[in-house]
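First the structure, in the form of structure tokens, and then the observations on it.
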Amino acid sequence: MSRRQGLLSIGEISKLTGASLRSLRYYEKLGLLTPAYIEPDSGYRYYSVDQTTHIELIRFCVELDIPLKEFGKFVDAEDTIDYRAFLAQGKEIAQKKLNALKQGLALIDEMERHMDFADRYQTGQFYERECAEKLFYTMPCGDSLVGADLAQVATVISETAHAAYADIEYDTLPEHGVLCEYTPNGAAYYAFVEIPQHMADSNTKIVPAGTYLCRQSDDTQLEQVADVCKEYLTGKTSFLAIETAIFTGKHKLNKPLHELRVIGGGFN
């Protein structure tokens, strides 16, 4: 009787499990899958029906992003797999992926809310919006944006944002941009990124809640805000102006719209 009797060719096991021929050969190369029989003359691989479960477990590792090199730690020298330990790790990884998907969907919903709001108004149109109190990590740019090394500042701000949100779940988009505090003594500009409350330090400023006068534009208008919003600012000697990129239904990838926000008074 041929030793191939009752075995499946590599093509047949591929169709049965959904694993490609290339994947099956790769699993063998890693030492994770040994054919039940290799024909000496041709080198053809053959597999037992029982090995389908083993292949499905390997593919399960791939789907859950468990490194294949770790699969071996669940199998002992006698080819006995510790299912409980394997499934425990798989469950932990699956839960992390599920949480990431939920967070991603929440952010998509948040972006859609931003776009729904922004699309109500035309470029150059004034409107009001209620904004909650926010905490901004700031870096001073001086008394003018002209000549400010915003690229260098943006690098630090980006690193701060990554550190702020790397290990926490959030369902809102942290804002970033440039703000200016106008006082009778002049103007002071800051690059900023929104951060969680627990990260407050000497570089953070509390931006007040309130009704902000807003306006969308193709280009920055922060340094011209006193003229752009002069009717609103009549009689005000101190005010806060914030400029951020804004999400709209359609905009150029390399040049999103700006939203200018202004409120009387300064930081808390």
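Looking only at side-chain heavy atoms (C-beta outward), E28 and R45 come within less than 4.5 Å of each other.
No side-chain donor-acceptor contact under 3.5 Å links T204 to the backbone of L135. Not one N or O on the side chain of K96 forms a donor-acceptor pair closer than 3.5 Å with the backbone of E92. Side chain of E181 to backbone of F239: no donor-acceptor contact under 3.5 angstrom is found. Between the D119 side chain and the G249 main chain, a donor and an acceptor come within less than 3.5 Å of each other. Side-chain atoms of T17 come within 3.5 Å of backbone N or O of I13 as a donor-acceptor pair.
With a 6.0 Å radius and a threshold of 12 heavy atoms from other residues, nucleotides or ligands, E12 has its CD atom above the threshold. With a 6.0 Å radius and a threshold of 12 heavy atoms from other residues, nucleotides or ligands, Q125 has its CD atom above the threshold.
Both the sub-6.0 Å distance and the 45° axial angle are satisfied by R215 relative to the ring of F126.
Hydrophobic clustering, defined by side-chain heavy atoms of Ile, Leu, Val, Met, Phe, Trp and Tyr closer than 4.5 Å, groups Y121 together with F117, Y127, I246, L257.
N99 and Q95 form a side-chain donor-acceptor contact under 3.5 Å, judged by distance and modelled atom types alone. E130 and T211 share a side-chain donor-acceptor pair at under 3.5 Å. A side-chain N or O of E39 and one of S42 form a donor-acceptor pair less than 3.5 Å apart. Side-chain polar atoms of E243 and T220 form a donor-acceptor pair below 3.5 angstrom.
Two rings, from F60 and F86, have their centers less than 6.0 Å apart.
For E78, the side chain to side chain donor-acceptor pair (under 3.5 Å) test picks out no residue, with sequence neighbours left out.
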- Full working for salt bridge (charged side-chain N to carboxylate O under 4.0 Å, His left out) between E128 and R261: CA-CA 9 Å; E128 293 183 346; R261 303 177 197 159; over 6 Å; no
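Below 30°, between 30° and 60°, or above 60°: for F192 and F136 the angle between ring planes is below 30°, a parallel geometry.
The distance from the CE atom of M115 to the CZ atom of F247 is 8.0 Å, given to the nearest 0.5 Å.
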